[in-house]
Peer 1: 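Please read through the structure below; I'll follow up with questions.
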Amino acid sequence: MQALIEELESRVSEVMSELAGERVSAMVKLSQNIKFGDYQVNGVMSLAKKLGMNPRQLADKIVVKCDLSDMCEPAEIAGPGFINLRLRSDWLTKQLQKAIYDTERLGVDIVPVSGRTVVDFSGPNLAKEMHVGHLRSTIIGDVLSRVLEFLCGDSDKVVRQNHVGDWGLQFGMLVAYIRETEPDSFADPSVLRVWDLEQFYKNAKKRFDENEEFKQFCYKCTVMLHEKDAATMAVWRAVLGESRRHCKVIYDRLMVNLNESNEKGESTYCDDLPDVIADLAKAGMITESDGAQCVFMPGYNTAEGEPLPLIVQKSDGAFLYATTDLAAVRYRVSKLGASRVIYVTDSRQKLHFQMVFDCASKAGWTGQARLEHVPFGSVLGEDNKPFKTRSGESVKLSALLDEAESRALAVVSQKNPELDAKTKQEIARVVGIGAVKYADLSNNLISDYVFSWDKMLAMEGNTAPYMQYAYARVQSIFRKALTEGKTITAGAAISLQEPAELALAKILVRYAETLSAVSRELRPHILTGYLFELAGEFSTFYNACPVLKAQEPVCSSRLALCRLTADTLKHGLSMLGIETIEQM
RNA sequence: GCACUCGUAGCUCAAUUGGAUAGAGCAUUGGUCUACGAAACCAAAGGUUACAGGUUCGACUCCUGUCGGGUGUACCA
């Protein structure tokens, strides 16, 4: 079966479409108030209007014609023409049963997709260390990739693309700096080791700013790099290797699924750029303006009210990121076979991508593919300005994650002093990293958010630790069950008597539609919201319904509910790239 | 100036993209541990959804205008 809400939607829509004589949507939504059932049909009123009918009478016809008796109690017509649906308890238990057996997918059906989905995210500048500015793109893109991949059940259909900065002046500068300060490494790039990449970059930059001769040398090295001078390329590759080493540490700590096979940096496209210009010119889209090669499209204006161009080649002949992005679109559509390309970058680049998409489409490079920009807001400090260190520098991700772990360690040590040091360390790692990621993901994408240690590690409210705690408590029940000789049988009959049991069951069966909503709307906070609700509903259940002390068959039934709750929490968190621990 | 974006409880944010009585978490106030883990639960209180119009059966959501914040706006990415 497809996701619950989608099943209801398609069944009711079909009946409504028959009555309407055209394709209409039932607009099935989750009810906000249990008084109105579990799901409600909202589309009746507008259809009645269109058909010139009384909405309640139309609702009546729909209800008579639409057989939902396997899933729902008899439908009720309420208010001006809502149809309220309540799930049958025996249907619920059947779904839960199925999900428990299905340890791989928890009853979530595969949704096949045509073509590939390309997700462009993270994209750090490899000349420097990753800083807090890379955090959001990296983890949001990772979550979207995970969800899309899981839903279509085919890892070949989701292609992660790490569009790293690995080309241009900054690398000419690093190569120049190595030639000057480390002749040994220049002679044999394999011995190059950069322990502190950030400091290394800073030193080079300082020299660049202060010494005119060195600056010219940097320009020269950049040209040599672009001309593929062998020795220069060798050092450049060595620098990238060192830089990747730094990146990998961060990706590993963040549990982000990115590796070298996903890396398609700017340099990948450098040979295609002249073709991009040539093809645009052939299509008659290029206009020269102030010596630069430009694409002018309607609807874009400068501050002075003049037409705003997408510049694809500078007056000095150099290419820009717009050119590279256009080349990447071509590659992704024609070579990777993308039917959907998702760009996860901050909202300040919105105009840029609008213009690039517009241009690529006019040039005929997009084919059937849908290009989507997922813009997100900035990470701010407590002063509501971009998050920086006290000295005004960007915060390195390695330092940020260190602090997350040490703060979490302090909390763990306070809450559970009896745990041994190693266990505390591990809990602190999982909780600390989880807290950082969750705080980011649970915010609506588009708004800026203030980075606050106190809030994300408060371990209260809508935070990762709250869910990790819920998970740990379920696991604790299973540990205890084991010592009492109770076995957990997947096939145990589930009966839903208490309100808390029913409420828990109803949220558990919504997991599939939640993931589906995330993949459609590309908003991870839909999933965090769901998990928070699930953990909350479990906590209520945990308090209201004793599990191990209950008589059979209630005990087994509740154990089964616990099993599925734990699996769903763990799975949902894994979609967010957040780990769980058995105890905390 | 123009474009984009946001404005919701004291604070931080939701509201399934036009549905019924706008929901959570912090903070505040009260109640639950001799209990399967209190990093928890239960309850109370908190609102003219920035403002003014409009569209319709129905508006936080769409349209127009006003006010306020953020971002972008020709050779950086």
Side-chain angles (χ1 to χ4, degrees), chain A residues 5 27-33 35-36 40 42-43 45-46 48-49 55 78-82 84 123 125 165 168-170 266 289-294 299-316 318 320-322 324-325 345-352 354 375 377-378 380 384 411-412 414-416 431 442-444 446-450 452 454-455 458-463 465-466 468-470 472-481 484 513-514 517 521 525-526 529-530 532-533 536 539-540 542-550 558 562 583-584:
Chain A
I5 196 168
M27 307 283 292
V28 176
K29 305 287 173 195
L30 203 61
S31 295
Q32 301 223 8
N33 191 325
K35 186 170 97 186
F36 302 131
Q40 61 186 50
N42 288 341
M45 276 89 78
S46 59
K49 179 109 190 163
F82 294 102
N84 293 339
N125 180 350
L169 176 60
Q170 284 165 321
E266 294 168 344
S289 174
D290 293 344
Q293 304 302 310
C294 302
Y300 305 102
N301 293 305
T302 68
E304 290 75 37
E306 305 290 319
L308 175 72
L310 180 69
I311 301 180
V312 289
Q313 190 170 21
K314 288 164 56 172
S315 50
D316 66 4
L320 298 98
Y321 74 136
T324 311
D325 278 331
T345 81
D346 73 279
S347 56
R348 287 174 302 201
Q349 298 192 47
K350 197 170 177 178
L351 180 63
H352 165 72
Q354 238 172 48
S378 310
L380 305 178
N384 274 322
V411 178
V412 176
Q414 187 220 325
K415 299 276 183 194
N416 282 321
V431 168
S442 58
N443 261 78
N444 196 348
I446 199 64
S447 36
D448 296 344
Y449 79 95
V450 175
S452 161
D454 291 340
K455 269 179 202 122
M459 321 265 157
E460 287 153 350
N462 191 2
T463 62
Y466 177 78
Q468 291 166 325
Y469 177 69
R473 283 207 297 187
V474 194
Q475 294 307 92
S476 170
I477 290 180
F478 292 135
R479 277 196 298 274
K480 181 142 191 197
E484 291 178 7
E513 69 195 37
T514 302
E521 300 185 29
H525 89 282
I526 295 172
Y530 169 83
F532 179 54
E533 240 186 288
S539 290
T540 301
Y542 182 92
N543 260 57
C545 304
V547 177
L548 298 174
K549 290 202 181 69
R558 288 183 178 165
C562 286
Q583 53 174 328
M584 64 187 278

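Because only heavy atoms are used, hydrogens play no part in the values below, and waters and symmetry mates are left out as well, while side chains stay in. Numbers restart at 1 for each chain; the letters A, B, ... are given by sequence-line order, proteins then strands. Note that the coordinates shown come from a computational prediction; the quantities given were computed from them, not determined experimentally.
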Peer 1: Send over the distance from Asp346(A) CG to G70(B) P, rounded to a whole Å.
Peer 2: 17 Å
Peer 1: Rounding to a whole Å, what distance do you find between Phe478(A):CZ and G37(B):P?
Peer 2: 12 Å
Peer 1: What residues form a ring-ring contact (aromatic ring centres under 6.0 Å, His included) with Tyr449(A), not counting sequence neighbours?
Peer 2: none
Peer 1: So what is the 5' to 3' dot-bracket string for RNA chain B, if pairs are Watson-Crick or G-U wobble with both distances under 3.5 Å, crossing pairs use [ ] and | means the partner sits on another strand?
Peer 2: (((((((..((((.....[...)))).(((((.......))))).....(((((..]....))))))))))))....
Peer 1: Which comes earlier along RNA chain B counting from the 5' end, the contact point of Gln583(A) or that of Asn84(A), where each point is its nearest nucleotide?
Peer 2: Asn84(A)
Peer 1: If you take atom types as modelled and just measure distance, does the side chain of Glu533(A) reach the base of A24(B) with a donor-acceptor pair under 3.5 Å?
Peer 2: no
Peer 1: Quick one: Tyr530(A) OH to A24(B) P, roughly how many Å, whole number?
Peer 2: 18 Å
Peer 1: What residues, two or more places apart in sequence or in another chain, satisfy side-chain contact (heavy atoms from CB on, under 4.5 Å) together with Ser315(A)?
Peer 2: none
Peer 1: Over all strands shown, is Cys562(A) touching base, sugar-phosphate only, or nothing at heavy-atom distances under 4.0 angstrom?
Peer 2: nothing
Peer 1: Taking side-chain contact (heavy atoms from CB on, under 4.5 Å) as the test, write out the residues that go with Gln293(A), two or more places apart.
Peer 2: Ile286(A), Glu288(A), Val312(A), Gln313(A)
Peer 1: The criterion is side-chain contact (heavy atoms from CB on, under 4.5 Å); which residues satisfy it with Asn33(A), sequence neighbours excluded?
Peer 2: Lys35(A), Phe36(A)
Peer 1: Could you check which of C13(B), A39(B), C36(B) has an atom nearest any side-chain atom of Tyr449(A)?
Peer 2: C13(B)
Peer 1: Only counting residues at least two apart or in another chain, list the ones meeting ring-ring contact (aromatic ring centres under 6.0 Å, His included) with Tyr542(A).
Peer 2: Phe538(A)
Peer 1: From C36(B), A77(B), U16(B), pick the nucleotide closest to the side chain of Gln32(A)?
Peer 2: U16(B)
Peer 1: Closest-nucleotide mapping onto RNA chain B: is Ala517(A) or Asp290(A) further toward the 5' terminus? I mean the 5' end.
Peer 2: Ala517(A)
Peer 1: Is there a side-chain polar atom (N or O) of His525(A) under 4.0 Å from OP1 or OP2 of U16(B)?
Peer 2: no
Peer 1: Which part of the nucleic acid, if any, lies within contact of Asp448(A), taking any heavy atom under 4.0 Å across all strands shown: a base, the sugar-phosphate backbone alone, or nothing?
Peer 2: sugar-phosphate
Peer 1: Choosing from A39(B), A77(B), G19(B), which nucleotide comes nearest the side chain of Val411(A)?
Peer 2: A39(B)
Peer 1: Looking at Tyr469(A), I'd like to know whether one of its side-chain N or O atoms comes within less than 4.0 Å of OP1 or OP2 on A39(B).
Peer 2: yes
Peer 1: Using a 4.0 Å heavy-atom cut-off across all strands, classify Gln468(A) as base, sugar-phosphate, or nothing.
Peer 2: nothing
Peer 1: Using the ring-ring contact (aromatic ring centres under 6.0 Å, His included) criterion, which residues pair with Tyr321(A)? Sequence neighbours excluded.
Peer 2: His352(A)
Peer 1: Which of these nucleotides, G19(B), A74(B), C36(B), is closest to any side-chain atom of Ser476(A)?
Peer 2: C36(B)
Peer 1: Excluding sequence neighbours, so at least two apart, what forms ring-ring contact (aromatic ring centres under 6.0 Å, His included) with Tyr300(A)?
Peer 2: none
Peer 1: Measuring from the side chain of Leu30(A) (C-beta onward, heavy atoms only), which nucleotide among A20(B), A74(B), U16(B) has the closest atom?
Peer 2: U16(B)
Peer 1: Would you indicate which nucleotide in A77(B), A39(B), C13(B) comes nearest to any side-chain atom of Glu266(A)?
Peer 2: A77(B)
Peer 1: From the set A24(B), G37(B), C36(B), return the single nucleotide nearest to any side-chain atom of Phe532(A).
Peer 2: A24(B)
Peer 1: Could you go over nucleotides 41-46 of chain B and give all protein N or O partners under 3.5 Å, atom names and distances?
Peer 2:
unit_1	atom_1	unit_2	atom_2	d
C41(B)	OP1	Tyr466(A)	OH	2.6
C41(B)	O2'	Asn543(A)	ND2	3.3
C42(B)	OP1	Thr540(A)	OG1	2.9

Peer 1: Among C36(B), G72(B), A39(B), which is the nearest nucleotide to the side chain of Lys480(A)?
Peer 2: C36(B)
Peer 1: What is the nucleic acid contact for Glu306(A), judged by heavy atoms within less than 4.0 Å: base, sugar-phosphate only, or nothing?
Peer 2: nothing
Peer 1: Start with the C-alpha gap between Leu351(A) and Leu308(A), add the side-chain angles, then the distance that decides, and say whether side-chain contact (heavy atoms from CB on, under 4.5 Å) holds.
Peer 2: CA-CA 11 Å; Leu351(A) 180 63; Leu308(A) 175 72; 4.0 Å; yes
Peer 1: Under 4.0 Å, heavy atoms only, any strand: does Leu308(A) hit a base, just the sugar-phosphate, or nothing?
Peer 2: sugar-phosphate
Peer 1: Kindly write out the residues that satisfy salt bridge (charged side-chain N to carboxylate O under 4.0 Å, His left out) with Arg348(A), not counting sequence neighbours, or none if the list is empty.
Peer 2: Asp346(A)
Peer 1: Using distance only, find each side-chain donor-acceptor pair of residues 473-480 of chain A under 3.5 Å and give its atom names and separation, not counting sequence neighbours.
Peer 2:
unit_1	atom_1	unit_2	atom_2	d
Arg473(A)	NH2	Ser539(A)	OG	3.2
Gln475(A)	NE2	Glu582(A)	OE1	2.7
Arg479(A)	NH1	Glu582(A)	O	3.2

Peer 1: Pull out every protein N or O sitting under 3.5 Å from an N or O of nucleotides 1-8 of chain B, one pair per line with the distance.
Peer 2:
unit_1	atom_1	unit_2	atom_2	d
G1(B)	N2	Thr302(A)	O	3.1
G1(B)	N2	Ala303(A)	O	3.2

Peer 1: Give one of base, sugar-phosphate or nothing for Ala470(A), where a contact means two heavy atoms less than 4.0 Å apart.
Peer 2: nothing
Peer 1: Could you tell me whether Ser289(A) contacts a base, only the sugar-phosphate backbone, or nothing, with contacts defined as non-hydrogen atoms closer than 4.0 Å?
Peer 2: base
Peer 1: For Met45(A) and A59(B), give me the distance from atom CE to atom C1', rounded to whole Å.
Peer 2: 13 Å
